[in-house]
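For reference, positions follow the sequence shown, starting with 1.
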Amino acid sequence: MKHLLSIADLSADEVWQVLNLARELKEEWRKGGNKPILKGKTLGMIFQKPSLRTRVSFEMAMIHLGGQALYLSPDEIKLGVRESVPDIARVLSRYVDGIMARVFAHSDIQELAAYSRVPVINGLSDYNHPCQALSDLFTVWEKREKLKDLKLAYVGDGNNVATSLLFAATKVGMDLALASPEGYELSNDVVKLGQEFAAQSGSKIELVRDPAAAVRGADVIYTDVWVSMGQEEETERRLKDFPPYQVNAALVAQAKSDVIVMHCLPAHRGQEITDEVADGPSSVLFDQAENRVHAQKAIVALLMS
Ligand code: CP
Ligand code: NVA
């Protein structure tokens with residue numbers, strides 16, 4: 001691993017390397033703290049969009065490993081506006097030992113990586129969210145002690161989070177059912193890539209319209225917001241199209257009785273997920289949020305130590 005831009009670029013072995021190291025580092029942390037394997041190292045964090053989890057979990061991951069993180073707000077950097085993306089990559093990578101960036105256009109993170117001397121980590125782009133999905137695999141593995149042959153049902157928008165989940169699941173042999181409204185499905189290119197990985201790992205991919213069909217027999221139900229960052233002008237249309245895709249108690253009741261419910265957060269409670277489900281016995285939302293720290297410790301350790 002040189003950069004982490006998409007899970008599509010990782011082998012199944014590399015995915016497992018992240019998960020195994022995340023488990024080791026979480027255990028070490030629980031026993032009193034991590035060894036300072038990133039002492040003296042700094043992660044520069046560029047944000048074009050807001051964040052709670054990604055910002056704080058990366059910052060804490062660096063601190064726990066003896067390093068530090070530098071937050072660069074949307075107003076400071078003005079990626080591609082105040083200065084070109086290649087020049088920002090050239091300059092910043094002379095100061096820091098790794099760059100994490102949250103961007104709009106995926107091509108911006110690809111360009112940062114192309115011109116950076118240090119590893120670049122994708123902290124969400126309009127295309128995908130690899131740190132989230134690696135961390136989510138870790139959460140499912142922790143809860144179920146396996147990944148292969150489990151079924152994850154994703155209900156909602158075929159967005160950046162869904163894209164990374166498809167890649168992550170099909171790398172490790174998890175089955176995946178996706179239910180999205182017409183016009184909001186994953187792109188054909190993404191599905192094609194997922195099918196290639198599934199052919200290697202034995203995952204089954206189901207693309208359905210009906211959320212109830214997706215969750216039938218599911219071990220995990222996953223949802224995300226109906227309006228992602230950057231899509232605010234589509235809010236009215238999306239709020240009309242998505243209500244049948246709400247993850248509520250009636251939908252959860254159609255999955256396995258021990259199903260776990262996941263959401264990358266932030267949640268728009270009352271839209272894609274009800275309070276009853278988000279705060280109910282199946283929800284693992286906050287373990288999932290915590291695990292961002294543990295999974296990202298593994299990512300920065302593998303890329304930067
Ligand atoms: N899930 C996630 O990436 O959250 P933030 O947008 O708060 O970073
Ligand atoms: N799909 C959401 C994920 C937020 C973590 C967005 O892009 O806004």
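- For Glu232 (side chain) and Gly230 (main-chain N/O), a donor-acceptor pair under 3.5 Å exists by modelled atom type.
- Note: Ile299 CD1 to Gln17 CD = 11.5 Å, rounded to the nearest 0.5 Å.
- Leu92 places a side-chain heavy atom less than 4.5 Å from the side chain of Leu72.
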Legend entry - Stepwise side-chain contact (heavy atoms from CB on, under 4.5 Å) test for Val247 and His263: CA-CA 10 Å; Val247 174; His263 188 313; over 6 Å; no
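- Using a 4.5 Å heavy-atom threshold, the side chains of Val215 and Val252 count as separate.
- Here Tyr222 contributes atom OH and Asp136 contributes atom CG; the two are 3.5 Å apart, rounded to the nearest 0.5 Å.
- The backbone N or O of Pro50 sits less than 3.5 Å from a side-chain atom of Arg102, completing a donor-acceptor pair.
- Residue Leu302 holds its CG atom at 10.0 Å from CG of Leu4, rounded to the nearest 0.5 Å.
- By the neighbour-count criterion of 12 heavy atoms within 6.0 Å, atom CZ of Arg209 is densely surrounded, having more than that number from other residues, nucleotides or ligands.
- Checked by atom type, the side-chain pair Glu272/His268 shows no donor-acceptor distance below 3.5 Å.
- Within the 3.5 Å criterion, the main-chain N or O of Asn159 finds a donor-acceptor partner in the side chain of Thr163.
- Although no hydrogens or angles enter the test, the distance criterion places no donor-acceptor pair under 3.5 Å between the side chain of Asn248 and the main chain of Glu276.
- In this structure, the side chains of Trp226 and Asp157 stay at 4.5 Å or more apart for every pair of heavy atoms.
- In this structure a side-chain-to-backbone donor-acceptor pair under 3.5 Å is present from Ser283 to Ala278.
- Cluster annotation: Val293 is not connected to Phe138 through the hydrophobic network of ILVMFWY side chains, with a link wherever side-chain heavy atoms come within less than 4.5 Å.
- A donor-acceptor pair under 3.5 Å is absent between the side-chain atoms of Asn128 and the main chain of Pro130, judged by distance alone.
- In this structure, Tyr115 places its OH atom where only 12 or fewer heavy-atom neighbours from other residues, nucleotides or ligands lie under 6.0 Å away.
- Taking NZ from Lys39 and CG from Leu65, the interatomic distance works out to 13.5 Å, rounded to the nearest 0.5 Å.
- For the 3.5 Å distance criterion, the side chains of Gln254 and Arg216 fail to qualify, holding no donor opposite an acceptor.
- Using a cutoff of 4.0 Å between basic side-chain nitrogens and carboxylate oxygens, Lys204 and Asp175 are scored as salt-bridged.
- For Tyr245 and Tyr184, the gap between ring centers reaches or exceeds 6.0 Å.
- Although no hydrogens or angles enter the test, the distance criterion places no donor-acceptor pair under 3.5 Å between the side chain of Lys171 and the main chain of Val15.
- Asp287 places no side-chain N or O within donor-acceptor distance of the main-chain N or O of Thr139, the cut-off being under 3.5 Å.
- Taken from NZ in Lys240 to CD in Glu234, the straight-line distance is 13.0 Å, to the nearest 0.5 Å.
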Inset, instruction - Evaluate side-chain contact (heavy atoms from CB on, under 4.5 Å) for Asp219 paired with Ile260, printing each intermediate quantity in order. - result: CA-CA 6 Å; Asp219 301 280; Ile260 57 173; over 6 Å; no
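- Atoms CG and CD, on Leu193 and Gln195 in that order, are 9.5 Å from each other to the nearest 0.5 Å.
- Lys143 has no carboxylate O lying under 4.0 Å from a charged side-chain N of Asp258, or vice versa, which leaves the two without a salt bridge.
- At least one side-chain heavy atom of Cys131 sits less than 4.5 Å from a side-chain heavy atom of Ile121.
- Under the 4.5 Å side-chain heavy-atom criterion for grouping Ile, Leu, Val, Met, Phe, Trp and Tyr, Leu43 is connected to Leu25 within one hydrophobic cluster.
- For the side chain to side chain contact (heavy atoms under 4.5 Å, CB included) test with Val155, the passing option among Leu178, Leu251, Asp210, Ile273 is Leu251; the others fail.
- Salt-bridge check for Arg23 with Glu145: passed, with a basic side-chain N closer than 4.0 Å to an acidic carboxylate O.
- Leu265 has its side chain out of reach of Leu52: every pair of non-hydrogen atoms, C-beta onward, lies at least 4.5 Å apart.
- Ring geometry, Phe197 versus Phe167: the interplanar angle exceeds 60°, so the pair is classed perpendicular (tilted spans 30 to 60°).
- Of the possible polar contacts, one joining the Gln48 side chain to the Phe104 backbone as a donor-acceptor pair under 3.5 Å is found.
- Annotation for Lys148: atom NZ counts as buried by contact number, over 12 foreign heavy atoms lying within 6.0 Å.
- The pair Arg90-Asp87 counts as a salt bridge, with a side-chain nitrogen and a carboxylate oxygen less than 4.0 angstrom apart.
- Ion pairing between a basic and an acidic side chain is recognised when a charged N comes within 4.0 Å of a carboxylate O; Lys297 and Glu24 show no such pairing.
- With salt bridges taken as basic N to acidic carboxylate O contacts below 4.0 Å, one links Asp126 and Lys49.
- Distance alone, capped at 3.5 Å, places no donor-acceptor pair between the Gln132 side chain and the Val161 backbone.
- Within a 6.0 Å sphere centred on CD of Glu236, other residues, nucleotides and ligands contribute 12 heavy atoms or fewer.
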